[in-house]
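So the structure is just underneath, and the comments pick up after that.
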Amino acid sequence: MTNMLGLKTKMLAAALVFGALLLLPSCAGHPDVPSSSKDAGCLPAIFPDYCDVTVPCNIAPLNFMLPADQFDACVARFSTPDGRQQTYGKGVKVQMPVSEWHAILDASKGKSLKVEVWGQKENEWLSFAPFEIHVADEPIDEYLSYRLIEPSYIVYDYMEIAQRDLTSFEETQIFNNKVSCDDPKGQCINCHSYQNYKTDNMLFHARVTRGGTVIVSDGKVSKVNLKRDNTISAGVYPAWHPTAKLIAFSTNLTHQVFHTAHPNKVEVFDTASDLILYDVATDSVSIISNDSTLLEVFPTWSPDGRYLYYCKSVPLPEELRGEDISATWSKVQYNLYRRSFELTSRTFGEEELVYDAASADKSVTLPRVSPDGRYILFAEGQHGCFHIWHHDADIACLPLAQDSVIDLSCLNSEGFAESYPTWSINGHWIMCASRRIDGNYSRVFISYFNNGKARKAFLLPQEDPEHNTFRLKSYNRPEFMVEPVGISVDQFSKVFQ
């Protein structure tokens, strides 16, 4: 209730600010539109591309720019459905104050705002075709977390798990791998995960030096060693049960190879993987499935907790069985399965095939069920389980009442890897990690989803649009949150002492 009152207060203040600004004469932050210009006859080539996108009613400003090597200046005029207008532009960039932008969104909620762009080139102004930004009624979760890491192939250095306020540009650190580690071997931190989008029950892994799984249970922090005598490794890919203090993990023996000429650059694969269930209250591990002949990975729960979905490899062709992994890695494919779960007895039912990707010469990874239980997202490529480096990998969506995927071409790119799909808590926003900008760095893209249809994806907004290219970090495992992590970096570091 307090958060809602705070949000309404902010929106009212923003509306008052916007209304007042419209009465002021033009200034450096609100330039005049050109008095004369030449029709460019096309949409502006702005970066990021926000032309005709659908955005949440509470998203941060969609700041953009014209190409600096082609233009000297840029002016943009935003018109709300009720006829109010405001201009922005400084150099080739359009950067809007947060309060003014939220007033524009509030005035356009459920409708569309019109954007006109002018670009100056060699003392001549060009006017581009106007475009619309559609403002959805549905908000997006206010927070997002991700691991920031160089896309290194052999070693890693500094990395952090960060959280971003999606209504503004504020980014803070959840944890980094240097605060508690002075070993030259370093420390890897990964797989941050939350129960029901909240942060009072969450976890992340620390690998190598002082390794373990850092678990927050009702706000209390501890570090756990999930490797037990009957498991092949510690817990890897996690999934919190939606109501109980239970976490499903895979356990994996993972390897990687490096290509010298192949466009995918890196191949990550498992030689063994099983599924386990961890009880936070009793610190106990039980086996969900451990088929010694096949690979099971990426567990995820249905929103009611009655089913556990996961990916499982299909048997190799008979002529390849027993061959070394170097000869078979490109032939391994995964289908989507599920098992029913009875919470009282902590028992799982028989395995059910949900989606047969291998029959179409495809492989499924990283499933996520929508909050309403109607759809399931996953990354799909031709082979393997680590699609973030596979150029053919796209995000697919399967209605659970059907057996064929629906069109998500508006979310995917052509020829670049898309991976790690995630739902917002209201099920209207899909987020994924994509390498579509340059092929090397994964960045966050978001798409509106409603009744089985997706809209054109847009890049995570930044205060400076060049930040998207100058920040030489990949955004790994983007996760929605409805609240920020309240535990400080120093508090987390104490469990490593």
Side-chain angles (χ1 to χ4, degrees), residues 193 236-242 247-252 268-270 272-277 288-291 293-316 330-341 348-388 390 392-408 411-412 417-423 427 430-433 449 452 454 477:
S193 180
V236 185
Y237 303 110
W240 284 84
H241 188 275
I247 311 169
F249 292 92
S250 63
T251 58
N252 305 59
V268 180
F269 56 86
D270 293 328
S273 58
D274 299 328
L275 300 177
I276 63 171
L277 185 68
I288 299 173
S289 183
N290 59 353
D291 188 330
T293 64
L294 297 173
L295 306 167
E296 297 142 317
V297 69
F298 298 128
T300 191
W301 296 94
S302 62
D304 58 10
R306 295 177 56 201
Y307 290 94
L308 182 72
Y309 291 80
Y310 56 96
C311 302
K312 183 176 180 178
S313 66
V314 299
L316 286 168
S330 63
K331 305 297 182 182
V332 176
Q333 294 177 322
Y334 291 75
N335 284 334
L336 180 63
Y337 292 85
R338 74 177 185 181
R339 291 176 184 267
S340 62
F341 179 67
F348 290 89
E350 295 298 316
E351 184 172 83
E352 302 175 54
L353 177 65
V354 176
Y355 179 64
D356 185 356
S359 65
D361 198 27
K362 296 286 187 179
S363 184
V364 169
T365 65
L366 298 163
R368 285 290 184 91
V369 184
S370 62
D372 63 7
R374 296 172 58 197
Y375 304 94
I376 187 163
L377 290 171
F378 46 82
E380 187 175 42
Q382 189 171 17
H383 73 273
C385 67
F386 205 79
H387 288 341
I388 194 59
H390 292 181
D392 66 325
D394 285 328
I395 305 304
C397 181
L398 176 72
L400 287 172
Q402 302 177 20
D403 57 3
S404 59
V405 297
I406 59 180
D407 180 29
L408 283 187
L411 172 62
N412 293 308
E418 269 82 46
S419 186
Y420 212 83
T422 312
W423 297 97
I430 298 172
M431 175 172 58
C432 74
F449 184 88
R477 194 182 170 100

Under 4.5 Å between any side-chain heavy atoms of Phe386 and Ile388, yes or no? yes

Cys311 vs Pro367 side-chain heavy atoms within contact, under 4.5 Å: yes

Heavy-atom pair with the smallest gap, counting every atom of Ser404 and Pro399: O-CD, 3.5 Å

Answer yes or no: is there a side-chain heavy-atom contact under 4.5 Å between Ser370 and Phe449? no

Give a yes or no on whether Asp403 atom CG has more than 12 heavy-atom contacts from other residues, nucleotides or ligands under 6.0 Å away. no

Are the side chains of Tyr310 and Leu275 in contact, using a 4.5 Å heavy-atom criterion? yes

Between the side chain of Ser363 and the main-chain N/O of Gly381, is any donor-acceptor distance below 3.5 Å? no

Using 30° and 60° as the class boundaries, would you call the ring planes of Trp423 and Tyr375 parallel, tilted or perpendicular? tilted

Evaluate side chain to side chain contact (heavy atoms under 4.5 Å, CB included) for Asp394 paired with Glu418, printing each intermediate quantity in order. CA-CA 5 Å; Asp394 285 328; Glu418 269 82 46; 3.3 Å; yes

Please work out which of the three classes, parallel, tilted or perpendicular, describes the rings of Phe341 and Phe348, given edges at 30° and 60°. tilted

Can you name the nearest heavy-atom pair linking Glu380 to Lys362, along with the distance? OE2-CB, 3.5 Å

Side chain proximity check, Ile247 to Trp240, heavy atoms < 4.5 angstrom: yes

Would you check if Val369 and Leu400 make a side-chain contact, meaning some heavy-atom pair closer than 4.5 Å? yes

d(Arg368 CZ, Leu377 CG) to nearest 0.5 Å is 9.5 Å

Around atom CZ of Arg339, are there more than 12 heavy atoms from other residues, nucleotides or ligands closer than 6.0 Å? yes

Approximate separation, where rounding is to 0.5 Å, of Ser302 OG and His241 NE2: 7.5 Å

d(Asp274 CG, Leu294 CG) to nearest 0.5 Å is 10.5 Å

Closest heavy-atom contact between Ala357 and Asn335? N-OD1, 2.8 Å

Can you confirm whether Phe378 sits close enough to Leu366 that some side-chain heavy atom of one is under 4.5 Å from a side-chain heavy atom of the other? no

Test Tyr420 against Cys432 for side chain to side chain contact (heavy atoms under 4.5 Å, CB included), laying out the working first. CA-CA 5 Å; Tyr420 212 83; Cys432 74; over 6 Å; no

Passing candidate, side chain to side chain contact (heavy atoms under 4.5 Å, CB included) with Asp270, options Val297, Val236, Thr251: Val297

Which pair of non-hydrogen atoms, one from Gly384 and one from Thr365, has the smallest distance, and what is that distance? O-CG2, 3.6 Å

Rounded to the nearest 0.5 angstrom, the CG-OH distance for Asn252 and Tyr237 is 6.0 Å

With side chain to side chain contact (heavy atoms under 4.5 Å, CB included) as the criterion, how do Leu277 and Leu308 come out once you've worked through the C-alpha distance, each side chain's angles and the decisive distance to 0.1 Å? CA-CA 11 Å; Leu277 185 68; Leu308 182 72; over 6 Å; no

Distance in Å, Glu350 CD paired with Tyr337 OH, rounded so as to fall on 0.5 Å steps: 13.5 Å

Would you say the side-chain atoms of His387 pair up with the backbone N or O of Ala393, donor to acceptor, closer than 3.5 Å? no

Of all heavy-atom pairs linking Ile395 and Pro421, the shortest is CG2-CB, 3.7 Å

Using every non-hydrogen atom in the two residues, find where Ala248 and Ile288 come nearest and quote the distance to one decimal. CB-CD1, 4.2 Å

Do Tyr355 and Val364 pass the side chain to side chain contact (heavy atoms under 4.5 Å, CB included) test, and can you show the C-alpha distance, the side-chain angles, and the key distance before you say yes or no? CA-CA 9 Å; Tyr355 179 64; Val364 169; 3.6 Å; yes

Within-4.5 Å side-chain heavy-atom neighbours: Gln382 and Asp361: yes

Can any side-chain N or O of Trp301 pair as donor or acceptor with the backbone N or O of Pro242 at less than 3.5 Å? no

Check each of Ser289, Ser250, Ser273, Ser313 against Glu296 using the side-chain hydrogen bond (donor to acceptor under 3.5 Å, both in side chains) test, and report the only one that passes. Ser289

